[in-house]
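Beneath this line is the structure, given in structure tokens, with notes to follow.
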Amino acid sequence: MEKHFRVFATCDIGEAIDLLRKRGYEVEVYPRPEAPPKSFIVEKVRSGIDGLITTLRDQIDGEIFEAGKGRLKVVAQYAVGFDNINRADANRYKIPFTNTAEVLTEATAEFAFFLLGALARKMWTAEHLTRENHWGYWHPYLPFLGDEVTGKTVAVIGTGRIGLAFIKKCVGFDMNVLCYDPAYQNLSFVKTIQEILELRHARGLVKEMPYIKYVSFEDALRQADFVSVHVPLLHKNESNTPTYHLFNDDTLRHMKPTAYLVNTSRGPVVDEVALARALRENWIAGAALDVYETEPLPESSPLRDPAIADRCRLMPHFASAARITRLSTDPDKGMAGRCVQGLIDVLEGNYGSDISKMPYVVNKEAFAK
Ligand code: NAD
């Protein structure tokens with residue numbers, strides 16, 4: 001039986017759209033690569049759609065839900081982070097929203113690890129040297145050296161899905177791991193990693209046995225050679241342990257002057273003015289960022305200062321941007337597949353139409369019976 005649901009997607013998400021059309025859905029996709037203006041989304045929602053596919057670029061709040069009153073049934077977000085969706089507003093209007101957790105975990109974690117390595121070993125600066133024909137000689141320490149990653153200590157801030165996957169990558173590099181998470185401490189995961197570290201040591205794969213443990217935020221920052229951030233963006237009114245500007249003038253000064261910061265979580269977790277200053281004044285050795293307070297990164301950003309270019313890597317919110325992760329229509333492999341499955345679950349009343357049982361719905365609390 002064909003279903004006649006109307007859906008608007010604020011962005012093309014590939015073949016998964018055809019999957020909906022094959023089911024009889026009427027799907028309109030915003031044709032341009034940049035985000036539609038909010039007024040455009042409001043207009044589409046008001047025109048009577050059942051489902052809205054969104055990305056992190058769209059501000060979804062009371063204005064949108066009001067426009068969809070009586071018709072809009074689901075917002076399907078193509079991302080794991082949902083700080084662009086006002087959860088309280090969604091709950092007030094009783095609109096479920098879904099996300100695409102898990103399928104981007106490994107891709108994001110590996111990207112964070114690659115960034116960490118590229119930053120510490122100065123790969124960007126070294127390639128520029130070669131390309132710009134400034135490679136005049138081989139020399140023991142000129143024109144610069146990088147820092148080893150193997151055997152160093154990494155602080156993982158936020159030990160949810162991506163933080164834990166990131167730790168798995170660190171194990172292969174014999175790193176000591178300092179975990180910090182005020183809300184979720186996965187002690188059985190830590191025990192498993194400890195067992196693996198012990199086995200690697202016992203079998204002679206590593207000389208000094210690395211360790212893994214939960215510590216305080218301050219200890220993590222003070223002891224780490226690398227700090228990798230894997231937290232959601234949470235404002236003061238959303239959490240007792242908010243993450244907005246978690247890295248600021250004060251906390252950046254806790255880090256070692258030889259330490260590197262990697263942020264693939266959300267831009268506003270780091271105060272960029274403070275970070276640019278920390279890099280200029282050598283409070284820390286370097287930073288690699290995938291996310292920014294304003295995206296795309298404005299031309300006037302202090303992070304673009306040429307004086308810090310050798311120690312500041314800037315990526316275009318790219319950590320999950322791998323082929324299968326982004327586009328697979330399989331909900332167990334790709335964000336596109338999981339996004340449309342979340343939408344289908346709600347619209348077609350899967351799980352006995354019990355929204356609180358649907359795996360990809362985030363705001364289940366609004367539907368608990
Ligand atoms: P998750 O919810 O599984 O894990 C987040 C963890 O952070 C949780 O364990 C939580 O307890 C912890 N946390 C909350 N407040 C904290 C605080 N103040 N200090 C330390 N830890 C805190 O989420 P996830 O799937 O691991 O994703 C994490 C975030 O990564 C997402 O919310 C998203 O913003 C970001 N992300 C970015 C990209 C990218 O392309 N750059 C891709 C995927 C996810």
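All values below were derived from every heavy atom in this structure, side-chain atoms included, with hydrogens, water molecules and symmetry-related copies excluded. All ligand and atom numbering here is 1-based and tracks the order in the structure.
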Checklist entry - Which protein heavy atom lies closest to atom 28 (C) of ligand 1, and at what distance to 0.1 Å? => result His230 O, 3.8 Å
Next on the checklist: Under 4.0 Å from a heavy atom of Tyr184: which atoms of ligand 1 are those, numbered in the order shown and with their elements?
Outcome noted: 9 (O), 11 (O)
Item to check | atom 2 (O) of ligand 1: the protein heavy-atom neighbour that sits closest, reported with distance to 0.1 Å | outcome: Arg161 NH2, 3.6 Å
Item to check | Residue and atom name of the nearest protein heavy atom (relative to atom 29 (C) of ligand 1), distance in Å to one decimal | outcome: Val231 O, 3.5 Å
Checklist outcome for this item: atom 35 (C) of ligand 1 has as its nearest protein heavy atom Ser265 O, 3.5 Å
Next on the checklist: Under a 3.5 Å threshold, yes or no: a donor from one side chain and an acceptor from the other, between Gln77 and Asn84?
Outcome noted: yes
Checklist entry - Which residue and non-hydrogen atom of the protein lie closest to atom 33 (C) of ligand 1, and at what distance in Å? => result Arg266 NH1, 3.7 Å
Checklist entry - Which of the atoms in ligand 1, numbered in the order shown and given with their element, are less than 4.0 Å from a heavy-atom of Thr243? => result 15 (N), 16 (C), 17 (C), 18 (N)
Checklist outcome for this item: Closest heavy-atom pair, Ala35 versus Tyr30, reported as atoms and distance to 0.1 Å, is C-CE2, 4.0 Å
Checklist outcome for this item: Of all protein heavy atoms, the one nearest atom 7 (O) of ligand 1 is Pro232 CD, 3.3 Å
Next on the checklist: Distance alone, cut at 3.5 Å: any donor-acceptor contact between the side chains of Asn350 and Asp345?
Outcome noted: yes
Item to check | Ring centers of Phe247, Phe217 separated by less than 6.0 Å | outcome: yes
Checklist entry - Any heavy atom of Thr105 sitting closer than 4.0 Å to ligand 1? => result no
Item to check | Winner among Gly163, Pro182, Pro316 once heavy atoms are compared against atom 17 (C) of ligand 1 | outcome: Pro182
Checklist entry - Counting heavy atoms not belonging to Lys73, are there more than 12 under 6.0 Å from its NZ? => result yes
Next on the checklist: To check your reading of the model: name the closest protein heavy atom to atom 4 (O) of ligand 1, its residue, and the distance in Å.
Outcome noted: Gly160 CA, 3.2 Å
Checklist entry - In terms of atom number and element, which parts of ligand 1 are under 4.0 angstrom from non-hydrogen atoms of Val80? => result 25 (O), 43 (C), 44 (C)
Checklist entry - Would you say ligand 1 has an N or O under 3.5 Å from any N or O of Thr108? => result no
Checklist entry - Taking the six-membered ring where the residue is Trp, are the ring centres of His139 and Tyr141 under 6.0 Å apart? => result yes
Checklist entry - When you look for heavy atoms under 4.0 Å from ligand 1, do you find them on the side chain of Ala321, its backbone, both, or neither? => result neither
Checklist entry - Atom CD in Glu127, atom CD in Glu132: separation rounded to 0.5 Å? => result 10.0 Å
Item to check | Plane angle bin for Tyr25 and Phe5 - parallel if under 30°, tilted between 30 and 60°, otherwise perpendicular | outcome: perpendicular
Item to check | Within-cut-off N or O pair, Ile162 and ligand 1, under 3.5 Å | outcome: yes
Item to check | Closest protein heavy atom to atom 38 (C) of ligand 1, given as residue, atom name and distance to 0.1 Å | outcome: Thr264 O, 3.6 Å
Checklist entry - Evaluating non-hydrogen atoms only, which member of Leu233, Asp181, Asn263 is closest to atom 13 (N) of ligand 1? => result Asp181
Next on the checklist: I want to know if ligand 1 touches Thr241 in the polar sense, i.e. an N/O pair below 3.5 angstrom.
Outcome noted: yes
Checklist entry - Just which atoms of ligand 1 are under 4.0 Å from any heavy atom in Pro242? => result 18 (N)
Checklist entry - Rounded to the nearest 0.5 Å, what separation is found between the OG1 atom of Thr243 and the NE2 atom of His230? => result 13.5 Å
Next on the checklist: Is the ring pair Phe111/Phe318 parallel, tilted or perpendicular, if the boundaries are 30 and 60 degrees?
Outcome noted: perpendicular
Item to check | Listed once per pair and sorted, the ring-ring contact (aromatic ring centres under 6.0 Å, His included) pairs that draw on residues 46-82, sequence neighbours left out | outcome: Phe82-Phe97
